[in-house]
Number of protein chains: 2
Amino acid sequence: MENPPQFSGFVEVRGAREHNLKDLSLRVPRDALVVFTGVSGSGKSSLAFGTLYAEAQRRYLESVSPYARRLFHQVGAPDVDAIEGLPPAVALQQQRGAPTARSSVGSVTTLSNLVRMLYSRAGTYPPGQGIVYAEGFSPNTPEGACPNCHGQGRVYEVTEGSMVPDASLTIRGRAVAAWPLAWGGQNQRDILVSLGINVDVPWRELPPETREWILFSDEQPVVPVYPGLSPEETRRAVKRQLEPSYMGTFSSARRHVMHTFASTESAAMRRRVQTYMIAAECPVCHGKRLRPEALAVTFAGHDITEFSRLPLKQVSALLRPYAAGQEDAQLAQDQPAQAIARQRLTEDLVARLAVLLDLGLGYLQLERSTPTLSPGELQRLRLATQLYSNLFGVVYVLDEPSAGLHPADTEALLTALSGLKAAGNSLFVVEHDLDVVRRADWLVDVGPGAGEQGGEILYSGPPEGLRNIQNSKTAEYLFRAASQEARQPRTPSGWLELNGVTRHNLNDLSVRFPLGVLTCVTGVSGSGKSTLVSQVLAETLAAHLGQGSVEQASGSQDEEDLGDSQLPTTSAHLGGDFTSLSRLVQVNQKPIGRTPRSNMATYTGLFDHVRKLFAATPLARQRGYGAGRFSFNVKGGRCEHCQGEGWVMVELLFLPSVYAPCPVCHGTRYNAETLEVQERGRTIAEVLGMTVDTAWDFFKDDPAVFRSLDTLREVGLGYLRLGQPATELSGGEAQRIKLATELQRAGRGQTLYILDEPTTGLHPADVERLARQLERLVEAGHTVITVEHDMQLVVGSDWVIDVGPGAGDEGGRVVAQGTPQEVAGTPGSRTAPYLALALGEVGFVDRLKG
Amino acid sequence: MENPPQFSGFVEVRGAREHNLKDLSLRVPRDALVVFTGVSGSGKSSLAFGTLYAEAQRRYLESVSPYARRLFHQVGAPDVDAIEGLPPAVALQQQRGAPTARSSVGSVTTLSNLVRMLYSRAGTYPPGQGIVYAEGFSPNTPEGACPNCHGQGRVYEVTEGSMVPDASLTIRGRAVAAWPLAWGGQNQRDILVSLGINVDVPWRELPPETREWILFSDEQPVVPVYPGLSPEETRRAVKRQLEPSYMGTFSSARRHVMHTFASTESAAMRRRVQTYMIAAECPVCHGKRLRPEALAVTFAGHDITEFSRLPLKQVSALLRPYAAGQEDAQLAQDQPAQAIARQRLTEDLVARLAVLLDLGLGYLQLERSTPTLSPGELQRLRLATQLYSNLFGVVYVLDEPSAGLHPADTEALLTALSGLKAAGNSLFVVEHDLDVVRRADWLVDVGPGAGEQGGEILYSGPPEGLRNIQNSKTAEYLFRAASQEARQPRTPSGWLELNGVTRHNLNDLSVRFPLGVLTCVTGVSGSGKSTLVSQVLAETLAAHLGQGSVEQASGSQDEEDLGDSQLPTTSAHLGGDFTSLSRLVQVNQKPIGRTPRSNMATYTGLFDHVRKLFAATPLARQRGYGAGRFSFNVKGGRCEHCQGEGWVMVELLFLPSVYAPCPVCHGTRYNAETLEVQERGRTIAEVLGMTVDTAWDFFKDDPAVFRSLDTLREVGLGYLRLGQPATELSGGEAQRIKLATELQRAGRGQTLYILDEPTTGLHPADVERLARQLERLVEAGHTVITVEHDMQLVVGSDWVIDVGPGAGDEGGRVVAQGTPQEVAGTPGSRTAPYLALALGEVGFVDRLKG
Ligand SMILES: Nc1ncnc2c1ncn2[C@@H]1O[C@H](COP(=O)(O)OP(=O)(O)O)[C@@H](O)[C@H]1O
Ligand SMILES: Nc1ncnc2c1ncn2[C@@H]1O[C@H](COP(=O)(O)OP(=O)(O)O)[C@@H](O)[C@H]1O
Ligand SMILES: Nc1ncnc2c1ncn2[C@@H]1O[C@H](COP(=O)(O)OP(=O)(O)O)[C@@H](O)[C@H]1O
Ligand SMILES: Nc1ncnc2c1ncn2[C@@H]1O[C@H](COP(=O)(O)OP(=O)(O)O)[C@@H](O)[C@H]1O
Ligand SMILES: [Zn+2]
Ligand SMILES: [Zn+2]
Ligand SMILES: [Zn+2]
Ligand SMILES: [Zn+2]
């Protein structure tokens with residue numbers, strides 16, 4: 001084939017076999033926007049990330065450093081025969097786990113550095129104050145940190161109430177909860193006995209000075225301890241100076257808590273003592289984390305902390321006059337150097353902010369911490385930052401950059417991508433959004449199905465050529481008539497009301513959600529959808545239902561670090577028919593576990609049944625192996641070298657850590673004896689290696705296992721292996737596993753399901769399947785509320801609530817609500833035109849398709 | 001300016017100010033061979049490495065990893081306003097320090113991996129033996145290592161002779177030298193006294209069983225110790241069971257040595273005890289480091305260790321028939337899988353070896369350890385490896401790739417560079433070799449002088465355009481008449497003979513070196529020049545002169561690690577007028593120190609004088625500051641945060657570690673009080689910041705300081721700062737500092753100076769200056785012998801010894817010797833044609849200039 005003339009050159013791949021890829025050969029142009037499409041599990045990521053990106057990284061880093069070479073030798077290269085013409089690559093990937101590094105919008109974008117320079121060089125100083133260097137404006141440097149709270153913004157205290165939660169208990173009954181558990185606590189009690197303090201009366205009956213001393217003293221008397229003896233006997237022993245068992249050192253409860261907090265290396269210990277501490281705003285910096293000298297410097301009337309709490313849109317508006325050199329001609333005359341610095345820095349800032357605003361992120365603040373951002377927001381932040389990184393000749397590999405983006409903002413995304421291309425780079429993008437797919441210079445369609453049924457190249461070429469590809473699901477959606485027929489909406493069984501909602505940009509908002517139907521909450525990114533649904537609605541209802549926290553279908557509760565939680569203030573109350581709901585479940589895309597130790601089989605519970613089958617085999621019974629023997633999570637049957645992980649972690653400083661197969665069990669996770677036991681010719685490790693489809697066949701006659709497998713197949717996960725580690729599953733796969741787990745439960749009263757952007761990572765064909773599953777839930781009498789951007793799903797819903805009209809301060813209201821058709825006709829809603837388009841309303845189709 | 005049509009695009013640099021660069025702006029083409037020229041110290045490296053490479057690395061790594069971003073934030077970016085169109089870069093730099101990672105030719109080139117696969121999959125196994133996996137052929141894996149010596153190839157023993165070097169000493173007189181020094185040794189002596197052993201007779205008079213027990217016992221009796229008492233008093237005290245000072249534990253000398261060796265964390269301790277250990281070949285693997293199973297597998301009759309000791313040229317010849325599929329048709333029929341593996345692997349190996357042979361490295365062996373290679377050999381190895389790395393679209397930045405290369409091999413180097421270019425990469429090369437310079441697609445000439453006098457772009461464009469640039473030293477040499485006039489050679493004052501030289505590829509060779517003149521030893525890379533001159537001649541003469549080791553003008557003796565030293569066997573004896581020589585000095589390009597703690601001022605000794613001047617100032621005297629106060633190497637005056645380094649080291653896993661300025665003293669190295677002392681208005685830190693030129697002016701009236709500075713100026717180092725850390729000096733600068741130090745010494749008898757490739761890193765203009773300095777040494781009655789490739793220097797010498805004709809086994813003989821003119825006329829010498837060319841012999845000029 002001749003190179004189409006518009007491309008400068010090609011990357012040629014031969015024999016790609018990573019994961020499910022079937023010995024693929026293909027070529028994709030450089031200096032172009034190449035989009036990889038295909039249903040979930042078809043192998044797009046295995047090709048774009050697992051093969052092209054991984055190989056580009058490996059080659060470059062190996063050339064740069066012998067250290068990298070050794071690591072890659074251990075970890076292994078992607079399974080591919082040859083790749084030619086492949087430049088170094090940069091991945092802007094959506095993190096499947098949580099981002100590990102503590103960072104903020106300001107640090108990720110490097111805007112904070114510029115702002116600190118701006119304050120240092122062009123801020124307004126109080127008369128007579130010396131210059132504060134840029135680092136002096138960072139709470140993370142010794143120069144900048146508030147000396148009282150060390151830059152934390154808060155101080156931690158203990159009180160009698162926090163350390164003695166139940167004053168009716170005696171000391172022997174563990175009134176002083178803050179003291180260590182086990183021996184350490186007994187020791188303190190015995191010391192108090194030796195000191196003649198009554199440990200057998202309720203705490204509140206002790207004299208105040210005694211309580212004060214026990215809790216807060218800095219003294220550390222060393223006293224003889226007689227652990228076996230009663231208080232009476234101890235008194236006598238002390239008097240007679242009998243030989244004690246040992247000499248014990250007293251430590252007040254505060255001393256113990258503070259000392260442990262400051263010096264323990266055990267995260268669990270630290271967490272334990274934290275529960276006895278109360279955080280309060282630092283009285284010196286008032287939570288602003290900086291030294292007084294730094295906070296005394298202002299720009300446009302704001303100190304730097306206030307500045308970093310403004311929405312970026314406002315920051316940009318505030319800086320624009322300075323960038324244009326319109327402000328304060330006097331300064332330019334008096335202090336030309338300062339004026340020049342100010343003009344240059346603000347100009348640079350304004351230019352960089354413009355990209356962020358274009359990408360629909362103007363509602364964020366510099367201070368916002370990245371763990372509170374959605375993966376899509378974070379990826380767009382990094383994308384915007386790259387536009388200023390000045391890289392040339394690299395391949396950017398992106399993972400669904402449209403995730404979380406309202407259709408209205410897609411154009412800005414495409415502009416950003418074009419910017420990177422114009423700067424001399426190639427773009428390899430895994431994407432489902434048809435608006436993006438349509439704008440590709442080159443399409444690679446992977447399929448036709450998922451897993452074993454996928455892994456082939458259906459098409460590789462300019463988009464138009466896909467039209468004639470028979471078995472491509474992508475072609476089906478990309479070129480089919482644009483509209484979907486409006487469905488007759490269901491009638492709600494009742495209404496749930498949420499009144500007086502106040503959090504983030506929501507201010508005393510009241511909203512009604514229909515029960516027994518499927519509702520989509522729409523609106524531009526930052527309009528307040530997640531705050532309303534995933535936060536306030538979920539928390540308020542959970543509190544009402546007495547679910548201490550929302551039941552995450554994920555099982556694991558996220559730990560909150562103390563320093564983090566500026567706990568959001570909420571006020572909201574329920575109304576309407578909320579009493580008819582008996583359960584609340586959030587089905588999100590968070591991983592079903594964060595280590596290779598969890599997998600689909602353990603998560604869904606089907607592995608319990610499988611293990612029992614193995615324990616019932618003759619050999620297992622003869623050897624006395626119980627079901628526990630077949631767990632890789634406890635000692636006994638597992639390989640002890642990798643402790644049943646099957647993998648060992650290899651630290652790569654400049655890359656996410658990777659896992660290499662365990663050299664002892666070669667990834668089977670079990671020790672040799674355990675693998676001698678077989679169920680109908682298969683070892684437990686082999687069962688974990690089966691796909692759902694294979695296992696479905698194998699376990700036909702074991703109803704307990706079979707039922708789980710059957711549901712997993714129904715949600716389209718037949719291609720997954722039972723033991724596939726949680727860390728290898730995409731967000732969409734994780735979400736569908738959770739859905740399957742839910743679908744499998746028999747009706748436990750009326751449940752409200754909350755889903756936040758469930759279509760992320762899903763091909764239109766997968767979205768159709770998801771819609772069917774949600775309908776099954778509704779048909780079973782449950783309520784489903786989703787936050788959603790994908791019009792394909794919205795069109796098929798029963799009710800739409802459009803939040804907006806804009807983001808941040810410009811959003812937070814209900815702009816439209818009703819059936820999809822009603823909302824499509826509401827003027828002022830930014831969602832309406834797209835909904836209308838999807839519904840096939842004429843006019844819009846012509847305007848938007850172009 | 002229009003882009004010349006042949007270039008696809010340009011890298012644009014604006015405002016480069018790194019080191020001495022004077023706010024440069026320039027552009028250089030991508031996908032081309034760009035050569036940076038200029039005299040030493042002009043700023044070529046600051047531009048190519050310090051700016052272009054550093055910035056490319058920073059951008060890419062920052063994009064790849066937030067961790068890298070934090071590091072670069074600390075370390076700082078290159079000082080440049082903007083660079084556009086700059087792809088990611090890979091440096092093939094000559095290491096200024098020693099390579100840190102332990103590696104071999106096989107591992108650096110990754111050929112070892114292939115060879116292990118070849119042995120595993122296509123080796124000849126003894127009947128019945130199971131397969132050995134590739135790792136099983138590496139002594140560095142548990143699977144492969146010989147279990148007896150843990151893959152070391154040698155075992156360590158102690159003997160009476162090694163631990164008691166002088167048997168005439170008493171125990172009190174430290175006969176057992178292997179015991180610890182100081183208190184630990186006294187303790188053992190006191191224990192022996194308590195045990196009733198006579199510590200006051202010569203060791204050899206003790207009964208053999210006693211000696212055996214003291215040295216080798218595994219017993220550890222605990223006995224009362226009476227340190228103050230005499231043996232007689234001790235005896236009585238023991239008898240009476242008097243209260244001892246303490247209870248002491250005996251440890252035999254072997255126990256102490258072995259235990260310390262195995263468990264100490266102090267490198268110094270380990271080195272100390274190593275001196276009492278004797279290495280012997282491992283009796284199990286006979287030094288081959290592998291398990292018997294691995295050694296039982298052969299290929300073409302060699303086990304893998306033997307294989308890795310063959311010269312690469314021979315390896316290639318041996319594999320070629322297999323690669324061509326010509327060997328053993330029977331196998332192809334019987335075991336087609338093995339035959340295919342063998343053919344593929346040997347084919348790949350032969351192709352990769354070809355590049356190494358082309359680059360003149362066929363004489364190396366896979367096993368050869370990289371620290372024994374010259375920097376030029378190592379760089380060419382890495383270059384050859386890159387030809388197989390498949391990188392596309394990167395910039396390779398190289399540092400004088402012709403270093404160590406005979407002119408006959410330059411063509412192969414240019415072919416290798418073209419290969420990288422043809423694969424789609426850009427080449428930025430710092431180079432002095434005019435043959436390479438001539439072949440550039442684009443030249444950047446930096447100058448006109450060094451340091452402050454340099455840092456400007458004299459020319460940037462296609463080579464021909466440099467012809468008309470007035471102040472370019474490069475133009476002067478590149479376009480001047482090709483020949484140099486033959487000088488009348490000096491008459492030797494005598495002859496030094498070296499007979500029966502046997503080492504490496506030299507076998508019973510006899511050579512005569514003229515005394516009192518300048519001799520150049522020439523020959524292709526690997527012919528044996530360094531072995532002859534820098535090793536055998538140097539060592540033999542040093543032994544004769546009683547210089548325990550050769551006086552490295554560098555002062556620091558290289559540490560040899562025990563595991564390393566396959567001590568070369570040498571036999572050679574001196575003859576002729578060797579008695580007239582009274583001193584031997586090697587002036588090499590090794591760094592004058594390996595940390596920023598050493599610098600020119602400390603190395604040359606002039607800093608001692610400067611410190612005395614500061615100690616003599618009134619304030620210093622008033623405060624009682626001695627000269628030591630002004631040292632940054634000892635406590636007192638230095639900054640304790642960085643311990644006087646001025647820098648703190650930052651570890652970068654994928655890059656060489658870097659140094660960032662000390663945050664406390666801001667790089668001044670001194671504490672505030674010390675900096676209050678001034679000598680004529682300058683602090684000690686400011687003096688260290690002066691260039692030699694400035695200091696020369698400042699210290700005009702201090703003869704001791706002035707003399708040093710004057711010589712440094714003479715060797716062309718006027719642009720260096722006094723305190724410039726050793727780690728920032730190029731090899732050429734280090735060598736000239738050493739030369740200056742030598743030139744400064746008054747005649748101390750006749751000295752033999754040995755220089756190994758002194759022109760490396762030198763511009764032709766610098767070579768001319770070097771030649772003058774060497775002549776000064778000769779004129780002072782000394783003898784100079786250099787190993788050299790640069791015909792400019794060879795032509796000007798008095799005598800030439802050409803070693804060869806080829807490399808490795810094909811070299812090792814004296815092919816020609818005589819005056820330059822005589823050697824130029826010797827047929828069979830590969831050097832002759834180039835020498836003739838340089839001497840302006842017609843015919844050659846036409847043939848080679850083309
Ligand atoms: N790390 C992995 N190890 C093994 N199999 C994997 C891994 N990651 C993905 N897979 C499998 O490879 C196939 C393709 O997955 P993927 O490339 O993620 O598809 P897509 O990006 O199209 O959703 C699926 O069967 C998936 O389960
Ligand atoms: N954890 C948080 N901390 C501070 N502000 C937040 C947080 N989460 C959301 N916000 C703010 O609340 C507003 C609504 O955000 P969000 O609910 O995430 O919108 P949506 O879900 O529609 O994208 C935005 O201005 C956003 O910046
Ligand atoms: N790391 C460094 N820090 C400060 N100055 C340096 C450093 N490295 C080199 N220099 C100085 O910069 C100037 C140019 O040096 P360099 O770029 O190495 O020249 P060249 O490569 O042309 O020999 C010299 O004055 C040199 O001493
Ligand atoms: N440390 C060493 N160990 C083993 N072989 C060596 C070592 N140094 C040199 N040789 C071998 O000796 C021969 C001559 O090498 P060398 O003296 O370095 O040549 P030249 O200096 O002419 O480049 C080559 O075959 C080389 O491989
Ligand atoms: Zn504070
Ligand atoms: Zn294991
Ligand atoms: Zn051995
Ligand atoms: Zn310091």
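No experiment lies behind these values; they were computed from the predicted model shown. Residue numbers begin at 1 in each chain, while the letters A, B, ... track the order of the sequences.
Here the shortest heavy-atom pairing between A:Pro88 and B:Phe392 reads CD-O, 3.5 Å. When every heavy atom of B:Asn390 is checked against every heavy atom of A:Arg59, the shortest pair comes out as O-NH1, 3.1 Å. In terms of heavy atoms, A:Leu61 sits closest to B:Leu61 at CD2-CD2, 4.2 Å.
Within 6.0 Å of atom OH in B:Tyr388, more than 12 heavy atoms from other residues, nucleotides or ligands are found, so the atom counts as buried in its surroundings. Environment of CZ in B:Arg17: crowded, with over 12 heavy atoms of neighbouring residues, nucleotides or ligands closer than 6.0 Å.
Highest contact tally toward chain A, considering only B:Leu391, B:Ile83, B:Val394, B:Val11, is held by B:Leu391 [criterion: heavy-atom pairs under 4.5 Å]. When each of B:Ser389, B:Gly393, B:Gly424 is scored by its heavy-atom pairs under 4.5 Å with chain A, the top score falls to B:Ser389. Residue with the most contacts toward chain B among A:Ala56, A:Ala89, A:Ala91: A:Ala89 (heavy-atom pairs, distance under 4.5 Å).
Side-chain atoms of A:Ser63 and B:Gln386, non-hydrogen and from C-beta on, do get closer than 4.5 Å to each other.
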